[in-house]
Amino acid sequence: LPMVFKAGTTRFVDGVRSTDGPGLDVGNAHNTIQKGVDKAGFEDVIFIRPLVLGTYYTESVIVPPTTHRGLSIIGTGNGKGGSVYQACTWRNSSNSVDDSALTLRAGHCTVENVHFFSRAAQELGFGIKAYWNTGSGLNIGSAIVNCGFSADKADHPAAAGLVQSAIRFDSNEGMRVEDCVFVDCRVGIASGSTMNAWKELWVVNNHFNGLAADIAADLFLSDGTN
């Protein structure tokens, strides 16, 4: 991964820990991603350690819009992997509620090296949902790099006809998705607008393996420019 200097604090998350630590070194890490985000701020970096083989972080985390600009969230496992057994894996906290594993409301964020896994109820952005200019977000200029997105088709498939996307952009500008893998996703990347048209979305060097019988749109884009 490229080395980029960031002015903020480096924090660590290890979900194996039974107690929450101050998060400033590996041995005293936070024990949930949300606690790491709660303590983080402007231009901080959060490193997430993978859990035991075959298990996942089950959290629905919201990154606030005004205090967390430039936040980086980076998995420390074996990269995006080809399955949930191969990387730092994260899914949302409920199989019956429509929410995302990660809701990015702050701008200039980076998400790297994380494998996102779906739950049945999630409709828009089971992995990542990003907002700009919607009353709940200020997200422009963020990047999602070297991540994996897998839909749980075998055990927790989405309801018939549900347009379940891995990433959802809403009214964003200058977003980037690079070198990510999408496996069994009904929709890879969805982008639309509730306030004004999104623009300048950069999607490069990704790998898509959709579900031909279940929508299978690698890119599902509407109401955009440039």
Side-chain angles (χ1 to χ4, degrees), residues 1-6 8 10 33 37 43-48 50 57 61 63 68-84 86-91 100-118 124-132 137-151 164-193 197-210 216-222 224-226:
L1 298 176
M3 299 301 294
V4 179
F5 173 77
K6 305 203 73 170
T10 299
I33 301 170
V37 170
E43 289 195 343
D44 283 0
V45 179
I46 300 174
F47 288 105
I48 306 172
Y57 286 90
V61 174
V63 177
H68 284 58
R69 182 167 60 87
L71 179 69
S72 292
I73 297 176
I74 303 172
T76 64
N78 295 321
K80 54 185 169 286
S83 76
V84 296
Q86 198 174 344
C88 178
T89 301
W90 180 1
R91 68 191 308 174
S100 304
L102 177 61
T103 300
L104 281 176
R105 295 179 176 174
H108 305 119
C109 290
T110 301
V111 183
E112 295 186 43
N113 224 37
V114 178
H115 192 121
F116 292 93
F117 199 38
S118 77
L124 298 175
F126 71 74
I128 299 173
K129 188 185 296 180
Y131 292 104
W132 160 253
L138 296 170
N139 194 335
I140 60 173
S142 292
I144 303 167
V145 181
N146 198 51
C147 289
F149 299 85
S150 297
Q164 186 188 67
S165 58
I167 298 173
R168 165 71 178 185
F169 293 125
D170 195 316
S171 308
N172 305 92
E173 178 178 340
M175 309 299 275
R176 185 181 187 94
V177 183
E178 184 173 359
D179 198 28
C180 294
V181 171
F182 299 81
V183 178
D184 287 343
C185 297
R186 290 186 177 187
V187 174
I189 301 169
S191 191
S193 175
W198 58 266
K199 61 182 179 179
E200 297 169 8
L201 172 61
W202 181 263
V203 180
V204 61
N205 294 336
N206 298 283
H207 304 267
F208 295 92
N209 177 21
D218 298 332
L219 304 177
F220 196 153
L221 313 177
S222 64
T225 60
N226 298 344

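This is a predicted model, so every value here is computed, not measured.
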K.L.:
Applying side chain to side chain contact (heavy atoms under 4.5 Å, CB included) to Tyr57 and Cys88, what does each step give before you reach the verdict?
P.N.:
CA-CA 8 Å; Tyr57 286 90; Cys88 178; 4.2 Å; yes

K.L.:
Walk me through it: do Ile33 and Leu102 pass the test side chain to side chain contact (heavy atoms under 4.5 Å, CB included)?
P.N.:
CA-CA 10 Å; Ile33 301 170; Leu102 177 61; over 6 Å; no

K.L.:
For His108, does its backbone N or O pair with a side-chain atom of Ser142 as donor and acceptor, under 3.5 Å?
P.N.:
yes

K.L.:
Determine the minimum heavy-atom distance between Asn206 and Val204, stating which atoms define it.
P.N.:
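So the two residues come closest at ND2-O, 3.1 Å.
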
K.L.:
As a test of understanding, state which of Cys180, Ser118, Ser165 forms a side-chain contact (heavy atoms from CB on, under 4.5 Å) with Phe149.
P.N.:
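It is Cys180; the other options fail the test.
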
K.L.:
Evaluate Val111 against Phe116 for side chain to side chain contact (heavy atoms under 4.5 Å, CB included), listing each step before the verdict.
P.N.:
CA-CA 11 Å; Val111 183; Phe116 292 93; 4.0 Å; yes

K.L.:
If I compare all heavy atoms of Ala106 with all of Arg69, which pair ends up nearest, and what's the gap?
P.N.:
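Heavy atoms only, the tightest pair is CB-N, 3.9 Å.
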
K.L.:
Look at the side chain of Trp198 and the backbone N and O of Ser222, then say whether any donor-acceptor pair between them is shorter than 3.5 Å.
P.N.:
yes

K.L.:
Examine distances only and state if a side-chain atom of Ser171 and a backbone atom of Ala197 form a donor-acceptor pair shorter than 3.5 Å.
P.N.:
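No, the answer is negative, given that no donor and acceptor are paired below the 3.5 Å cut-off.
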
K.L.:
Sequence neighbours left out, what passes salt bridge (charged side-chain N to carboxylate O under 4.0 Å, His left out) with Glu200? Give chain and number order.
P.N.:
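With sequence neighbours excluded, Glu200 shows a salt bridge (charged side-chain N to carboxylate O under 4.0 Å, His left out) to no residue whatsoever.
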
K.L.:
Determine whether Asn146 and Asn113 satisfy the following criterion, side chain to side chain donor-acceptor pair (under 3.5 Å), listing intermediate values before the conclusion.
P.N.:
CA-CA 5 Å; Asn146 198 51; Asn113 224 37; 2.7 Å; yes

K.L.:
Look only at the side chain of Asp218 and the backbone of Phe208, and say whether a donor-acceptor pair between them is shorter than 3.5 Å.
P.N.:
no

K.L.:
From Phe126 CZ over to Ile167 CD1, what is the distance, rounded to the nearest 0.5 angstrom?
P.N.:
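One gets 8.5 Å once the value is rounded to the nearest 0.5 Å.
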
K.L.:
Report yes if the side chains of Ile74 and Phe47 come closer than 4.5 Å at any heavy-atom pair, otherwise no.
P.N.:
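Yes, side chains in contact.
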
K.L.:
Output all residues satisfying side chain to side chain donor-acceptor pair (under 3.5 Å) with Thr103, sequence neighbours left out; order by chain, then residue number.
P.N.:
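Side chain to side chain donor-acceptor pair (under 3.5 Å) check on Thr103 returns nothing, list empty.
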
K.L.:
Return yes when atom CZ of Phe220 has more than 12 non-hydrogen atoms of other residues, nucleotides or ligands closer than 6.0 Å, and no otherwise.
P.N.:
no

K.L.:
Take Ser150 and His115 through the side chain to side chain contact (heavy atoms under 4.5 Å, CB included) test and state the conclusion after the steps.
P.N.:
CA-CA 8 Å; Ser150 297; His115 192 121; 2.8 Å; yes

K.L.:
Do Asp44 side-chain atoms and Thr10 backbone N/O form a donor-acceptor pair below 3.5 Å?
P.N.:
no

K.L.:
Roughly how far apart are Lys199 NZ and Asn172 CG, rounded to 0.5 Å?
P.N.:
12.5 Å

K.L.:
Could you grab the distance from atom CG of Leu138 to atom NE2 of His68, nearest 0.5 Å is fine?
P.N.:
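Answer for the CG-NE2 pair, Leu138 versus His68, is 13.5 Å.
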
K.L.:
For Lys129, is there any backbone N or O sitting under 3.5 Å from a side-chain donor or acceptor partner on Asp170?
P.N.:
no

K.L.:
From Ser100 OG over to Arg91 CZ, what is the distance, rounded to the nearest 0.5 angstrom?
P.N.:
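The OG atom of Ser100 sits 13.5 Å away from the CZ atom of Arg91.
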
K.L.:
State, without any angle test, whether Asp179 and Asn205 hold a side-chain donor-acceptor pair at a distance under 3.5 Å.
P.N.:
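Side chains of Asp179 and Asn205: no pair found under 3.5 Å.
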
K.L.:
How many angstroms lie between atom CG of Leu219 and atom CG of Leu201, to the nearest 0.5 angstrom?
P.N.:
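Rounded to the nearest 0.5 Å, the CG-CG separation comes to 8.0 Å.
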
K.L.:
Would you compute the distance between atom CE of Met175 and atom CD1 of Ile128 and round it to the nearest 0.5 angstrom?
P.N.:
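One gets 9.0 Å once the value is rounded to the nearest 0.5 Å.
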
